[in-house]
Amino acid sequence: MSFEWPWQYNFPPFFTLQPNVDTRQKQLAAWCSLALSYCRHHKLYTLDVLEAQESPVFNNKKMERKLSMEAIQVVFEELRKKGNLEWLDKNKSRCLVMWRRPEEWGKLIYQWVSKNGMVNSVFTLYELSNGDDTQGEEFHGLEEWMLLRSLQALQTEGKAEIITMDDGKGVKFF
């Protein structure tokens, strides 16, 4: 299935930050939505700021328009404020993109555990994110850092406990 670009993506002014405050807010909301949708579609969890400008998200080659580095930084800062982005370094050159927050992933995982009658079961992290049983689930292939954060959210709610096993980490669901 190919990615569907929003109508704004083929609208040249979309690639220039608008001076009017109301227009800019709508524009930033559209950019945030586009960036998250693109990352979700391609299962991207990390972005490099320097590479971002050449990424199809911020560079419409067909129209020969690209968002400036300054504008990309503004979009990333907006995503950070919304809790969808976290910087990996002080220079703000690489970031984690959370197109679904850890609590949301945790909820999906717990629904799957409950639906399959696996409450009170223990899983390795590998089984949850890459096991045959989770094939076809949205969280299948989830990167370990996000899986751990999701399980920590469930642990905070008293629905799971992260445990250390001989060969790594695991989780027990309640």
Practice task
Could you please spell out the steps behind the side-chain contact (heavy atoms from CB on, under 4.5 Å) verdict for Val49 and Gln73?
Solution key: CA-CA 8 Å; Val49 176; Gln73 291 283 8; 3.6 Å; yes
Exercise for the section: Output, in order, the C-alpha distance, side-chain angles, deciding distance and verdict of salt bridge (Lys or Arg N to Asp or Glu O under 4.0 Å) for Glu77 and Lys82. Expected result: CA-CA 9 Å; Glu77 181 56 23; Lys82 292 179 176 189; over 6 Å; no
Exercise for the section: Check step by step if side-chain contact (heavy atoms from CB on, under 4.5 Å) holds for Leu128 and Trp112. Expected result: CA-CA 10 Å; Leu128 273 179; Trp112 176 82; 4.1 Å; yes
Exercise for the section: Please report the C-alpha distance between Asn84 and Val97 in whole Å, then the side-chain angles of each, then the deciding distance to 0.1 Å, and finally whether the side-chain contact (heavy atoms from CB on, under 4.5 Å) criterion is met. Expected result: CA-CA 6 Å; Asn84 296 109; Val97 179; 5.8 Å; no
Handout entry: Criterion salt bridge (Lys or Arg N to Asp or Glu O under 4.0 Å) on Arg40 and Glu138, from CA distance to verdict
Key = CA-CA 10 Å; Arg40 180 180 192 159; Glu138 268 193 87; 3.1 Å; yes
Exercise for the section: Would you check, one step at a time, whether the test salt bridge (Lys or Arg N to Asp or Glu O under 4.0 Å) holds for Glu54 with Lys66? Expected result: CA-CA 8 Å; Glu54 296 308 315; Lys66 69 167 83 169; 2.7 Å; yes
Problem - Stepwise salt bridge (Lys or Arg N to Asp or Glu O under 4.0 Å) test for Lys107 and Glu104 - result: CA-CA 5 Å; Lys107 187 176 179 185; Glu104 297 170 75; over 6 Å; no
Exercise for the section: Start with the C-alpha distance between Leu125 and Glu144, add both sets of side-chain angles, then the distance that settles side-chain contact (heavy atoms from CB on, under 4.5 Å), and finish with yes or no. Expected result: CA-CA 7 Å; Leu125 297 188; Glu144 189 171 318; 3.9 Å; yes
Exercise for the section: Walk me through it: do Trp99 and Tyr45 pass the test ring pair (Phe, Tyr, Trp, His ring centres under 6.0 Å)? Expected result: CA-CA 8 Å; Trp99 33 273; Tyr45 298 97; 5.5 Å; yes
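Contact between Gln53 and Leu67 at its shortest, heavy atoms only, is NE2-O, 3.1 Å. Heavy-atom minimum distance, Leu36 versus Met98: CD2-O, 4.1 Å. Annotation for Arg94 and Asp89: closest pair N-OD1, 3.5 Å, computed over non-hydrogen atoms. In terms of heavy atoms, Phe58 sits closest to Ala35 at CZ-CB, 4.4 Å. The minimum heavy-atom distance linking Phe76 with Cys95 is given by the pair CE2-SG, 4.2 Å. Residues Leu34 and Val57 come closest through the heavy atom pair CD2-O, 4.0 Å.
Judged by a 6.0 Å distance limit and a 45° cone about the ring axis, Lys159 is positioned over the six-membered ring of Tyr110. Note that Arg100 lies in the cation-pi zone of Trp105, set by a 6.0 Å cut-off to the ring centre and a 45° limit from the axis.
In the hydrophobic clustering of ILVMFWY residues, with side-chain heavy atoms under 4.5 Å counting as a link, Leu147 and Val122 come out apart. The hydrophobic clustering, which links ILVMFWY residues whose side-chain heavy atoms are closer than 4.5 Å, places Val113 and Met165 apart. Transitive grouping of hydrophobic side chains (ILVMFWY, heavy atoms separated by less than 4.5 Å) brings Ile162 and Trp145 into a common cluster. The cluster map of Ile, Leu, Val, Met, Phe, Trp and Tyr, joined by side-chain heavy atoms under 4.5 Å apart, puts Met69 and Leu85 in the same cluster.
When the shell of 6.0 Å around CG of Asp132 is examined, it contains 12 or fewer heavy atoms from other residues, nucleotides or ligands. Other residues, nucleotides and ligands contribute only 12 or fewer heavy atoms inside 6.0 Å of the OH atom of Tyr126.
A ring-centre distance under 6.0 Å is found for Phe15 and Trp31. No close placement of the Trp7 and Tyr9 rings is indicated, their centers lying 6.0 Å or farther apart.
Side chain of Asn91 to backbone of Ser93: no donor-acceptor contact under 3.5 angstrom is found. No side-chain donor-acceptor contact under 3.5 Å links Thr134 to the backbone of Glu137. No donor-acceptor pair closer than 3.5 Å links the side chain of Glu161 to the backbone N or O of Val171. Checked by atom type and distance alone, the side chain of Ser150 pairs as donor or acceptor with a backbone atom of Met146 at under 3.5 Å. Judged by distance alone, the side chain of Asn59 and the main-chain N or O of Ser55 form no donor-acceptor pair under 3.5 Å. Using a distance-only test at 3.5 Å, with no hydrogens or angles considered, no donor-acceptor pair links the side chain of Ser33 to the main chain of Ala30. Judged by distance alone, with hydrogens and angles left aside, the side-chain atoms of Asp48 form a donor-acceptor pair with the main-chain N or O of Leu50 at under 3.5 Å.
In this pair, Phe173 and Phe123 present their aromatic rings perpendicular. The plane angle is above 60°, beyond the 30 to 60° band.
Atoms CZ and CZ, on Arg65 and Phe14 in that order, are 11.5 Å from each other to the nearest 0.5 Å.
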